[in-house]
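All values below were derived from every heavy atom in this structure, side-chain atoms included, with hydrogens, water molecules and symmetry-related copies excluded. This one's a predicted model, so the numbers in the text were calculated from it and none came from an experiment.
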Amino acid sequence: MDREFLIDLFADFGPVTIRKMFSGYGISADGTNFALALRAGLFLRADELTIPDFEAEGSKPFQYSTRAKTVTVNSYWELPARLFDDSQELAQWARAALAAAQRAKVKQRPRGKKAAKRAATKPAKKAVKPAKAPKKASKKSPVRKRARRSG
């Protein structure tokens, strides 16, 4: 899938931003990434509200393999193949994927606030110590050269 194909595919959805990512592209709207176009296919963002729709279509979550195991990413699910031919319904699925991505952003925000709160309650850092002078060379025995083999 190339950039122009993706722009045409999401035309009924509205303007999208397409950026190089991994082995393909990340697709976003309003600064929120909601789809991945990779060698393995086109994947939309999903959550507990939208996963049942993907399951009903027979879609699978995004998976990739490492040397040790296969990793399943339940937050991105394969776009049902029939939607490539129905741009209006694809736009509905894309809106649902964008909403899922926005809900995920909202869920992540409190973690950031807690971290900021913890940082505010920690005492200020101590003054930085000046750099130490370089160490002098130790008086170890000199390195011996290997004898050359003859012949």
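- Looking at Thr66, its side chain does come within 3.5 Å of a backbone N or O of Lys69 through a donor-acceptor pair.
- Not less than 6.0 angstrom separates the ring centroid of Phe43 from the ring centroid of Phe54.
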Thr32/Leu98 under side-chain contact (heavy atoms from CB on, under 4.5 Å): CA gap, chis, key distance, verdict: CA-CA 7 Å; Thr32 302; Leu98 178 59; 3.9 Å; yes

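- Side-chain atoms of Ser59 come within 3.5 Å of backbone atoms of Glu78 as a donor-acceptor pair (strictly under, hydrogens ignored).
- With values rounded to the nearest 0.5 angstrom, Arg103 atom CZ is found 4.0 Å from Asp47 atom CG.
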Test log, rule side-chain hydrogen bond (donor to acceptor under 3.5 Å, both in side chains), inputs Thr72 and Gln63: CA-CA 4 Å; Thr72 300; Gln63 292 183 334; 3.1 Å; yes

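- No side-chain heavy atom of Asn33 sits under 4.5 Å from any side-chain heavy atom of Lys105.
- Leu38 is listed as a side-chain neighbour of Phe62, based on a closest heavy-atom distance under 4.5 Å.
- Summarising the geometry, atom CG belonging to Asp12 is positioned 12.0 Å from atom CD belonging to Glu89; distances are rounded to the nearest 0.5 Å.
- Atom CG of Asp86 has more than 12 neighbouring heavy atoms from other residues, nucleotides or ligands inside a 6.0 Å radius.
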Intermediate values then yes/no, side-chain contact (heavy atoms from CB on, under 4.5 Å), Lys20 and Tyr25: CA-CA 5 Å; Lys20 272 282 209 204; Tyr25 298 99; 4.1 Å; yes

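- The number of heavy atoms from other shown groups lying within 6.0 Å of OH (Tyr64) does not exceed 12.
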Chi angles and distances behind the side-chain contact (heavy atoms from CB on, under 4.5 Å) call for Glu55, Trp77: CA-CA 9 Å; Glu55 289 173 331; Trp77 283 65; 3.8 Å; yes

Derivation of the side-chain contact (heavy atoms from CB on, under 4.5 Å) call for Leu6 and Val16: CA-CA 9 Å; Leu6 293 169; Val16 293; over 6 Å; no

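- When each of Asp2, Ile18, Ile27 is tested with Ile7 by the rule side-chain contact (heavy atoms from CB on, under 4.5 Å), just one qualifies, namely Ile18.
- When every heavy atom of Ser65 is checked against every heavy atom of Thr70, the shortest pair comes out as OG-OG1, 3.5 Å.
- At a threshold of 4.5 Å between non-hydrogen side-chain atoms, the residues Phe13 and Gln88 do not count as touching.
- Leu90 is not listed as a side-chain neighbour of Phe84, based on a closest heavy-atom distance of 4.5 Å or more.
- Put simply, OG on Ser75 and CD on Glu48 are 11.5 Å apart, with the number rounded to the nearest 0.5 Å.
- Contact check for Trp93 versus Thr50: no side-chain heavy atoms found under the 4.5 Å cut-off.
- Closest of all the heavy-atom pairs between Ala94 and Leu44 is N-CD1, 4.4 Å.
- Environment of CZ in Arg82: crowded, with over 12 heavy atoms of neighbouring residues, nucleotides or ligands closer than 6.0 Å.
- The cluster map of Ile, Leu, Val, Met, Phe, Trp and Tyr, joined by side-chain heavy atoms under 4.5 Å apart, puts Val73 and Leu49 in different clusters.
- Figure legend: Arg45 and Tyr76 shown as a cation-pi pair, the cationic atom lying under 6.0 angstrom from the six-membered ring centre and within 45 degrees of its axis.
- To the nearest 0.5 Å, atoms CG (Leu36) and CG (Leu79) are separated by 12.0 Å.
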